[in-house]
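For clarity, every value in this text was computed on a predicted model and none was experimentally measured. In the text below, chain A, chain B and the rest are named by the order of the sequence lines, each starting its count at 1.
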There are 2 protein chains.
Amino acid sequence: MSAKPQPQHNHLLAALSSDVQGRLFPYLELVPLPLHALLYESRRPMRHVYFPTDSIVSLQYLMENGASTAISVVGNEGLLGITLFLGGESTPSRSLVQSAGYAYRLPRVRVKEEFNRHGQLLMLMLRYTQALITQISQTAVCNRHHAIDQQLCRWLLLSMDRLSHNHLTMTQEFISNMLGVRREGVTQAALKLQQLGVISYSRGLIKVLDRPQLETLSCECYSVVKKETDLLLNYLPQRSVIANTDSIPTATLRTP
Amino acid sequence: MSAKPQPQHNHLLAALSSDVQGRLFPYLELVPLPLHALLYESRRPMRHVYFPTDSIVSLQYLMENGASTAISVVGNEGLLGITLFLGGESTPSRSLVQSAGYAYRLPRVRVKEEFNRHGQLLMLMLRYTQALITQISQTAVCNRHHAIDQQLCRWLLLSMDRLSHNHLTMTQEFISNMLGVRREGVTQAALKLQQLGVISYSRGLIKVLDRPQLETLSCECYSVVKKETDLLLNYLPQRSVIANTDSIPTATLRTP
DNA sequence: ACTTTAGTGTGAGACAACGCACAGACTTAA
DNA sequence: TTAAGTCTGTGCGTTGTCTCACACTAAAGT
């Protein structure tokens with residue numbers, strides 16, 4: 001709300017060297033992302049890559065019958081529009097603003113130009129892509145194996161990590177759409193958390209009171225993704241585009 | 001079983017231009033992939049990229065309690081080891097051979113060398129990565145919303161598409177591990193399919209008798225992934241590394 | 001002040017998947 | 001031929017989530 005967001009508030013943009021920044025930043029455009037706005041719709045061509053500064057955007061899959069599930073969450077650690085450099089022009093998912101804020105965006109042409117120089121930006125985006133794949137995969141696992149309670153904890157933690165304060169603005173109805181479950185299911189899970197003193201909420205405003213407890217109540221999925229993401233995006237400052245670090249132990253092919 | 005697999009049996013390798021093929025193919029090594037072998041183990045560094053010719057490999061997530069779920073399937077349409085060019089050296093998932101066969105593999109160093117030339121191989125692999133992301137995402141959705149019966153159909157179809165014949169060699173126990181459900185659940189679903197005359201099976205050998213029916217019984221997830229993959233991997237023969245096709249309609253930012 | 005709307009709580013019945021326990025059928029090895 | 005092992009079928013009680021229906025409360029609008 002206070003100071004105007006800077007490009008450096010996005011971790012990926014911040015990690016670029018100054019010459020790349022100098023080349024790209026003039027083309028960055030600051031755009032507000034109002035709550036529940038759609039950045040991309042399913043199967044529609046994308047015109048920009050978005051780098052959130054203080055907003056949170058969910059990647060969401062819509063089913064034929066209208067039901068939906070969020071497959072990942074993106075904040076200032078990442079970007080939206082990986083499809084533009086992966087080679088597709090669109091995806092089956094849509095991007096829904098889950099927490100209002102700002103993002104810098106870069107026209108598709110600029111991204112592609114920068115890519116054809118094959119530099120740092122490519123490396124960063126590829127790494128982020130891997131982190132994203134991890135998050136999506138873990139969502140798949142979580143959907144199969146864990147109870148709503150745990151998934152709610154995971155979701156709250158994922159969202160919290162991308163904000164600078166300890167409260168979230170989202171109704172139970174909204175969360176239910178994200179988790180792909182019933183609204184009543186979220187109500188029950190949220191009630192339980194509130195009774196435990198882990199969160200408090202009222203009419204769309206959720207406050208996290210006991211984050212450590214929230215983490216223990218969450219399933220392993222949160223920490224798996226967190227660790228993996230930290231590992232991947234702990235940007236090694238100087239590296240060749242594709243590094244050649246070939247001093248690793250041997251992995252043998254075996255049958256268990 | 002019959003003729004020796006050729007590199008061209010893998011769609012990605014086949015799609016490379018002859019000069020790239022000439023550069024890479026000498027380094028390809030043909031390796032047999034026995035049933036249930038582990039190509040990569042979770043969190044272990046990878047030394048090769050694998051291009052299946054007639055084998056099928058599943059990407060599988062293992063949970064702390066030992067339960068597992070397959071998040072995607074890779075056959076001759078793809079490759080294993082995307083992490084090597086995405087920038088990580090390993091992933092939380094492991095790669096399990098689901099149908100025995102062969103694959104060509106390329107040492108990590110060669111892949112990275114070829115990458116630093118920023119050519120066709122990069123583009124192909126990025127495109128495939130997007131197809132893979134689609135598959136993983138749809139798995140997440142499927143796990144949330146669809147019944148075991150439908151998921152079994154999806155799984156059989158995904159596997160069938162990657163084989164040249166109409167039978168699969170996998171026990172219900174194995175399938176249950178892949179879908180992340182109980183063995184008994186698979187038994188019931190399989191029984192239903194057999195009674196409908198869609199498949200027949202006995203002791204690990206499944207024959208698909210009525211594929212169209214199998215497709216209608218499957219959830220939408222199969223066709224969504226299929227369409228998307230066909231779209232992405234319908235290799236446009238001549239393209240710049242990152243194409244610049246900027247004549248597309250406008251997508252506006254809006255709140256629903 | 002009153003109504004309307006959005007957000008939340010609750011309860012009853014249905015159903016799918018689960019854990020467990022065990023039985024039958026087929027295959028392989030001794 | 002017998003025994004051991006693998007694969008598949010079945011039944012039962014439990015749990016989690018779903019559908020449906022409705023009540024309550026706080027905020028917003030007139």
Write down the distance between [atom1] ([X]) and [atom2] ([N]), rounded to a whole number of angstrom.
X: A/Phe174; N: C/dT8; atom1: CZ; atom2: P; answer: 13 Å
X: B/Lys192; N: D/dT8; atom1: NZ; atom2: P; answer: 18 Å
X: B/Gln150; N: C/dA17; atom1: CD; atom2: C1'; answer: 14 Å
X: B/His145; N: C/dA17; atom1: NE2; atom2: P; answer: 14 Å
X: B/Arg182; N: D/dT10; atom1: CZ; atom2: C1'; answer: 11 Å
X: B/Leu179; N: C/dA16; atom1: CG; atom2: P; answer: 17 Å
X: A/Ile206; N: C/dG7; atom1: CD1; atom2: C1'; answer: 12 Å
X: B/Leu191; N: D/dG11; atom1: CG; atom2: P; answer: 11 Å

To the nearest 10°, give me the bend of the helix from C/dA1-D/dT30 to C/dA30-D/dT1, comparing the axes of its five terminal pairs at either end. 30°
By nearest atom, which of the nucleotides [options] is closest to the [X] side chain?
X: B/Thr187; options: C/dG7, D/dG9, C/dT10; result: D/dG9
X: A/Gln172; options: C/dC20, D/dC7, C/dT8; result: C/dT8
X: A/Tyr201; options: C/dT8, D/dC7, C/dC18; result: C/dT8
X: A/Val181; options: D/dC18, C/dT10, C/dC18; result: D/dC18

Donor-acceptor side-chain pairing of B/Gln151 and A/Arg144 below 3.5 angstrom: yes
For the side chain of A/Arg203 and the base of C/dT8, is some donor closer than 3.5 Å to an acceptor across the two? no
Hey, is the side chain of A/Arg183 pairing donor to acceptor with the base of C/dG9 inside 3.5 Å? yes
Enclosure of A/Tyr102 OH (heavy-atom neighbours >12, cutoff 6.0 Å): no
Looking for any heavy atom pair under 4.0 Å, which part of the strands does [X] touch: base, sugar-phosphate only, or nothing?
X: A/Gly185; result: nothing
X: A/Gln188; result: nothing
X: B/Ala190; result: nothing

